[in-house]
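One structure is given below, encoded as C-alpha cells.
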Amino acid sequence: MMDPLLKVENLRIELSTRAGVAPVIDDLSFELGHNESISFVGESGCGKSMTALAIMGLLPEGIGKVAAGKIIFDGEDLTQASESRLRDLRGNDISMIFQEPMTSLNPVYTVGEQIAEVLREHQKLSKTAAHNAAIELLDAVRIPNPKGRVNDYPFQMSGGQRQRVMIAIALACKPKILIADEPTTALDVTVQAQIFDLLRDLRAQTGTSIIMITHDMGAVAEMAERMIVMYAGRKAEEGDVRQVIEHARHPYTKGLISCVPHIMADPTLEREELTEIPGIVPGLAEFGQDRCLFAARCNMVVDKCLGARPHEVGFPNGQNAACWRAEEV
Amino acid sequence: MAELLEIENLTVRFPIRKKDWGFGAKRYLTAVDHVDFTVKKGQTLAIVGESGSGKTTAALAIARLVSGETSGEVRLEGQNILPLAQEDLKAMRRKVQVIFQDPYSSLNPRQRAEDIVREPLDSLTDMTDAEKRETVDDLFKAVGLRPEQKRLFPHQFSGGQRQRIGIARALSTRPEVIICDEPVSALDVAVQAQILNLLRRLQADFGLTYLFISHDLGVVQHMSDSITVMYMGKIVEHADRIALFSSPSHPYTEALLSAVPTVDAERRKETKRILIPGDPPDPLNMPKGCRFASRCPIAQAQCTQSEPTLKPVREGQLVACHLRDGI
Amino acid sequence: MSDQMTEPTIKAQSPLSEAWDMFKRNHAAMAGLVVLIFIVFGAIFGPYLYPGQPFEMVWAPFSPPGVDGFLLGTDYLGRDLLAQIIHGARVTLLIGLSAAIVTVVIGVTIGALAGFYRGMVEEALMRFTEFFQVLPTLLFSMVIVALFGASLPMITFAIGIVSWTAVARITRSEFLRIRELEYVMASRASGASGLKLMFRVILPNALPPIIVQSALMVGSAILFEAGLSFLGLTDPNVISWGQVIGSNRQYILESSFTVTIPGLAIFITVLAISLVGDGLNDALNPKLRQR
C-alpha cells in the first residue's frame with residue numbers, strides 16, 4: 001500500500017482580522033492518494049479556497065498563517081519548507097488553476113509566453129524548445145490551430161479557451177497534484193462540459209491527482225471520486241461521492257444536496273417548495289468555538305450540539321461525518 | 001388566459017464606436033435579432049441561453065433600460081411601451097419592474113435600505129410620506145426582513161438579504177410584470193433555495209407575472225411555466241416546461257440539457273453527453289444560414305444556406321431548425 | 001423568517017462614520033489634522049490674541065528672531081514678522097480654500113457632464129479640458145492677473161481656472177465607472193433620469209477620489225499663490241505668507257530668516273494638508289477596507 005501523495009494532519013490556519021485572530025481552517029485532516037480525484041465542497045466562506053492556498057504556500061502575507069498541523073507532500077512537510085523550496089514545487093509538482101481566467105492570465109503577455117515561462121523556470125528549457133512545447137500543450141488542451149494561436153493575447157481568446165490555456169500552464173510540468181479552484185464557475189454550461197471532459201482525459205493520460213474546489217454538487221458528481229464537505233472551516237463530512245449523495249450522514253450535506261433544484265428526467269406539473277436551509281453561514285468571528293457551528297440552522301439539533309464540537313463518526317463504507325447524530329441522518 | 005406581454009419583432013442593436021470621424025459604414029452589433037414571444041398573466045416565462053445569447057439585453061430592452069437602438073413592438077396589455085415617454089413612461093415603470101443579478105452592485109451603497117425600497121415610490125407615485133412608510137414596512141415583512149433593519153446600509157447585509165431588499169424594491173409599486181435577471185446566480189446554493197421559494201410565494205400572493213432570465217437549467221425547470229431558448233440573438237426553441245425537458249427539439253437545447261452536471265445517477269446514465277465543440281461565432285461576423293450550424297452535431301448542407309424560422313412542431317412547442325421542424 | 005435566526009442587532013453605520021473610524025486609525029493623518037486645526041484656529045483667532053500689526057513699522061529692520069522681544073524678528077521694513085505670519089495665515093488659507101472651491105465646482109461640473117452624457121458632449125468637453133491642461137499654468141495666471149489686476153478674487157480665479165482639469169478628469173473617470181453599475185440601472189427603473197441620476201445617484205458615490213483631490217488642491221493653491229506673490233503679482237495691501245516671501249526675497253542671503261520663516265509656515269501647512277489628504281484617500285477607498 002503506497003503512502004498517500006498528500007497527507008494533511010490537524011491543519012489549523014489562522015487569519016488576522018480587525019476583530020482578532022480567527023481559525024479559517026480548524027483542525028482539518030485528509031489524505032489524497034496517487035491518481036485520485038477529490039473535491040472540496042461548500043458555500044462561500046467555508047475555508048475551501050484557503051485550504052488550497054495553504055497547500056500551495058500562497059496564504060495572504062501577513063494576514064494568514066499556518067498555526068498548527070502538517071501538510072505532508074510526498075513525505076515532505078510543506079509547512080516547514082522554505083519559500084524557495086515552495087517556489088520549486090509550485091507549477092512544477094503542485095499546480096493550481098483559478099476561477100477567473102481573464103484575471104489569472106497576464107494581459108500583456110501572449111499565451112505562448114506564459115506557458116513557456118513555466119517550462120523555462122522549472123525545466124530549464126531553451127526559448128525555442130519552450131515555445132515548441134507550448135504549441136504542443138495548446139494542442140493537448142484542444143485549442144484549434146495551436147501554431148496560429150500561440151502568439152495570441154488573452155483578450156483575443158474566449159473564456160473557455162483562456163481556461164484551457166490555464167490548464168496548459170498548470171499541466172506543463174506534469175505535476176503530481178492539480179488544484180482547480182472553481183474552474184468552471186465563470187463559464188457557460190456547454191463550455192464547462194468541454195472543460196470537464198478535457199480534465200478527465202488529461203488525467204487519464206498523465207495520472208495527475210486532482211483536488212477540485214466547488215460549490216456545485218453536480219460538478220462534484222461529474223469529476224470526483226471522493227468528496228469533503230466543508231462548513232465554517234471544519235470538515236462536515238467525507239466519503240465516496242456516490243455513497244454520500246445517496247445517503248448523506250451530515251444534516252448540512254443532506255440540506256446542500258436537496259436544496260438545489262436538480263433537473264428531473266420527467267418533470268411533473270406540481271412543483272414543491274425547495275428544501276431550505278434556514279439562516280446564513282456563520283461569519284469568521286464565530287469560527288473556532290467548541291460547539292457545532294451548524295447547530296443554529298440544523299433541523300436535528302439537540303442540546304449536545306451546543307455543548308461541544310462534534311467528533312468524527314466513521315462508517316463501515318469509509319464515510320465519516322462530524323455530527324453527534326450522524327447515525328440518525 | 002390573456003397574453004399580458006407580447007413581444008413582436010424585437011431587435012436591439014448597438015453601434016460599434018469607431019473613432020474615424022464618421023467615415024465608412026457604421027457597424028452594428030445586433031444583440032437581439034427579430035425576436036417574438038408572449039407571456040401569459042400570472043405565469044413565468046424563462047429565457048435561457050449562454051453568454052452572447054442576447055437574453056439579458058432582450059429582457060432589459062423590455063424594461064426600457066437598454067441604451068441601444070431598439071425596434072419592434074413590446075405590448076403590455078395591448079399597448080406598445082417602446083415609444084412611451086414622460087408620464088406614460090412613468091406609468092409603464094410602475095407596472096414593469098426589475099430584480100437585478102448582483103446583490104453587491106444593484107443597491108446604492110450610500111442609501112439606507114428603506115430609502116432604496118422607497119425610491120420607486122418617490123419617483124413614480126403620489127403617495128404621502130405616511131403611506132410610503134407603511135408600504136415600506138409591509139414590503140420588508142413580505143420579503144422576510146425585519147423592519148428594524150430599515151436604517152442599515154447595504155454593506156451591513158448578507159448577499160441573500162440584499163437580494164431581498166432588491167425584491168422589495170421591485171414590488172413597491174405593485175407591478176404586474178417583474179423581470180428577474182438571473183436573480184439567484186450570485187448567491188450561495190442554500191440562499192438560492194430561500195430566494196426561489198420566496199419568489200414563488202410572492203408570485204402567488206401578488207399575482208405577478210415573471211420574465212425569468214437564467215442560464216441555470218435546474219432553476220429554470222423549477223421556476224418556469226414556459227421557456228424560450230436563445231442562441232446568438234435568436235430564439236431557437238420555445239416550449240412549455242414539461243415538453244422542453246422531456247422532449248427537446250432543437251439540437252442546441254439537447255446539448256444544453258445534456259451538458260448540465262447532475263447528481264442524479266439515474267439521469268446521468270440515461271442522458272448521453274452531447275459535446276458541442278468550439279466557441280460561438282463572432283457576433284460581428286455572423287455566418288450565413290443557421291447560427292448554430294458551425295457547432296451543430298447534425299448540421300447539413302441546407303443549414304448553412306438559409307436561416308431557419310420558428311415553426312410549431314407540436315402543440316405549444318416551436319423550433320427553428322431545418323431538420324427538426326417536421327417539414 | 002428565513003435568514004434572520006443568526007443575526008444579532010447591528011447598528012446602522014453610514015459610509016461616512018465608517019470612513020471616520022478608518023481615518024482615526026491613521027496616525028500620520030490625525031497628526032496632520034491636529035496641526036491643521038491649530039493653524040486654522042491661529043488664523044481665525046490669532047489677530048485677536050496677538051496685538052501686533054503686520055504693516056506697522058515697529059523696530060529696526062532685520063532684527064533676528066528672539067532678539068529685542070520679537071519672537072520671529074522683523075522684516076526688511078522693520079515690521080513684526082509674527083504679526084505678518086498670523087495675519088497672513090487668514091489670507092493664505094482663504095485663497096487656498098476659495099481657489100480649491102472654484103476648481104472643484106468647474107471640474108466636477110465638466111467631468112460629470114462628460115462622463116454622463118458621453119458622445120459628442122464628452123468629446124467636446126474633453127478637448128476643452130485638454131486645452132486647459134496644456135496651458136502653462138503659471139504664465140496663464142500671470143496673464144490674467146496682469147490684465148485684470150491683482151485683487152484677491154482675481155488671484156483666486158486665476159488659480160482656479162488653471163487647476164480644474166485634474167478634478168474634471170477624476171470626476172469623468174468615476175462617472176464612467178459608476179454609470180455601468182447595476183444600482184444606476186435600478187434607479188432608472190425606479191423612475192430617475194437625467195440630472196437626478198447624475199447628482200443624486202452617481203455623484204455621491206463618485207465623491208471619495210474627488211474629495212481627496214480637492215483636499216490636495218488646497219495645498220497646491222497655497223503654493224501657487226506663493227509663487228505668484230514671489231513674482232510680485234499679488235495685492236500689496238493684503239499680507240499673505242507668499243507676499244512676505246516675495247517682498248523679502250532680495251534679502252534672502254543676508255537675512256534668510258525673513259524668507260525661511262514664512263516658507264516654513266507654508267511647508268508645514270501644505271504638509272499637514274497632504275497628510276490629511278492621504279488619510280482621506282485610505283479612509284474613503286473601499287478596496288482598502290477590510291470587511
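How far CD1 of B:I81 is from CE of B:M92: 4.0 Å, rounded to the nearest 0.5 Å. Residue C:I222 holds its CD1 atom at 9.5 Å from CD1 of C:I95, rounded to the nearest 0.5 Å.
Heavy-atom neighbours of B:E134 CD from other residues, nucleotides or ligands within 6.0 Å: at or below the threshold of 12.
Ring geometry for C:W20 versus C:F23: interplanar angle under 30°, hence parallel rather than tilted (30 to 60°).
Counting heavy-atom pairs closer than 4.5 Å to chain C, the top residue among B:S172, B:P120, B:G166 is B:P120. By number of non-hydrogen pairs under 4.5 angstrom with chain C, the leading residue of B:L124, B:T173, B:L198 is B:L124. Looking only at heavy-atom pairs under 4.5 Å with chain C, the residue among B:D181, B:V98, B:D122, B:L107 that has the most is B:L107. Put simply, of B:E119, B:Q111, B:R112, B:K90, the one with the most heavy-atom pairs under 4.5 Å next to chain C is B:E119.
Distance alone, capped at 3.5 Å, is enough to place a donor-acceptor pair between the B:Q192 side chain and the B:V184 backbone. Remark: the backbone N or O of B:R93 is paired with a side-chain donor or acceptor of B:Q97 at under 3.5 angstrom.
When side chains are defined from C-beta on, B:V117 counts as touching B:I165, because their heavy atoms get closer than 4.5 Å.
Proximity to chain B (any heavy atom under 4.5 Å) is shown, for C:V201, by both the backbone and the side chain. Of the two parts of B:R94, neither the backbone nor the side chain holds a non-hydrogen atom closer than 4.5 Å to a non-hydrogen atom of chain C. Proximity to chain B involves both the backbone and the side chain of C:S187, based on heavy atoms less than 4.5 angstrom apart. Interface remark: B:F153 contributes side-chain atoms only to the contact with chain C (heavy atom separation under 4.5 Å).
Evaluation of the ring pair (Phe, Tyr, Trp, His ring centres under 6.0 Å) test over residues 165-209 of chain C, restricted to residues two or more places apart or in two chains, returns none.
Salt-bridge annotation for B:D102 and B:R162: absent, with no side-chain N of the basic residue lying under 4.0 Å from a carboxylate O of the acidic one. Ion pairing between B:K95 and B:E176 fails under the 4.0 Å rule for side-chain N and carboxylate O.
Within residues 270-280 of chain C, no residue has a heavy atom under 4.5 Å from a heavy atom of chain B.
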